[in-house]
Amino acid sequence: MEPFALALDLATGRLAPHTSSIVRRVSDMRGMYADGEAERQLASGGDPVVYEVLQYDVPTESGQLVCCTTVIHAGLVGDEYFMTKGHFHEKRETGEVYLGLAGRGYLLLFVDDRAAELEMGPGTLAYVPPYWAHRTLNVGDEPFTFLGVYPADAGHDYGTIEKAGFPRRVVREGSGPVVVQASGEATGAVG
Ligand code: M6P
Ligand code: ZN
């Protein structure tokens, strides 16, 4: 791998050039939102884009670092904010760093019976320790964008989240976000 420099637009999260991208719509996230009926209606209606990931690929080997940006659009499925699928790393002992670029978001994390949520905005540097599952979401009216850096051989384990879900959700109550237990019980107002 040769050294390289990319242009990162701090306002939009656009990375140029990028060599791969992911676009996830509501229909790509079946079963992940609490309100299944709202999810089905959105998916069979306009099926909006929930988030996009732009990445400059490097070899998937120990020592390499992936740099990617994520743009989560503003929106709700029922009362739950647009969010990423969320994942553990297949190599559980690898961590990740996020840097908030624009918009307002949350980072949800959990490991075993511990859960955490971190508010994110422009300039927030958030650390995902090894072993913790992580999911981000947009609680604002504008796109929430952030840079992520993680070991290229970390791998994404989505299956565990698809089966077990996250222990906490972030929903809109009135005009702002509230963190609730996945069962629906409030843990206290935030933001
Ligand atoms: C961040 C990083 C990426 C991840 C993306 C979307 O940019 O953690 O590795 O792919 O968010 O999250 P997910 O893979 O959970 O859909
Ligand atoms: Zn990750």
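We count ligands from 1, going down the list as the structure has it; atoms in each ligand are counted the same way. As the structure is a prediction and not an experimental result, all values here were calculated from the model.
- The single protein non-hydrogen atom nearest to atom 2 (C) of ligand 1 is E96 OE2, 3.1 Å, given as residue, atom name and distance.
- In terms of protein heavy atoms, atom 14 (O) of ligand 1 is closest to Y158 OH, 2.5 Å.
- With salt bridges taken as basic N to acidic carboxylate O contacts below 4.0 Å, none links R104 and E142.
- Here Y150 and H156 bring their ring centres to under 6.0 angstrom of each other.
- The atoms of ligand 1 that sit less than 4.0 Å from any heavy atom of V53 are 5 (C), 6 (C).
- Of the possible polar contacts, one joining the H89 side chain to the T94 backbone as a donor-acceptor pair under 3.5 Å is found.
- Seen from the ring of Y158, R24 counts as a face-on cation partner, given the 6.0 Å and 45° thresholds.
- Contact analysis leaves Q55 out of contact with ligand 1, as no non-hydrogen atom separation drops below 4.0 angstrom.
- T70 OG1, 2.5 Å is the protein heavy atom nearest to atom 7 (O) of ligand 1.
- The nearest protein atom to atom 9 (O) of ligand 1, hydrogens excluded, is given as H156 NE2, 2.8 Å; this is a heavy-atom distance.
- Of all atoms in ligand 1, numbered sequentially from 1 with element shown, those under 4.0 Å from a heavy atom of Y51 are 6 (C), 13 (P), 16 (O).
- Summarising the geometry of P177 relative to V170, their closest heavy-atom pair is CB-CG1, 3.7 Å, with the distance given to 0.1 Å.
- The shortest N or O to N or O distance between H134 and ligand 1 is not under 3.5 Å.
- The NE2 atom of H87 and the NE2 atom of H89 meet at the Zn ion (ligand 2) at an angle of about 120°, given to 10°.
- Atom numbering of ligand 1 starts at 1 in the shown order; those under 4.0 Å from a heavy atom of G86 are 15 (O).
- Between Y51 and K85 the shortest heavy-atom distance is OH-N, 3.0 Å.
- When the N, O or S atoms of E96 are ranked by distance to the Zn ion (ligand 2), OE1 comes first.
- A salt bridge does not link R30 to E162: none of the charged nitrogens lies less than 4.0 Å from a carboxylate oxygen.
- Contact atoms of ligand 1 toward Y98: 1 (C), 2 (C), 8 (O), 11 (O) (distance under 4.0 Å to a heavy atom of the residue).
- Shortest contact from atom 12 (O) of ligand 1 to any protein heavy atom: T84 CB, 3.7 Å.
- Among V77, L137, V139, I72, the one residue that satisfies the side-chain contact (heavy atoms from CB on, under 4.5 Å) test with M83 is L137.
- Of all non-hydrogen atoms in S27 and D47, the two that sit nearest each other are OG-OD2, 2.7 Å.
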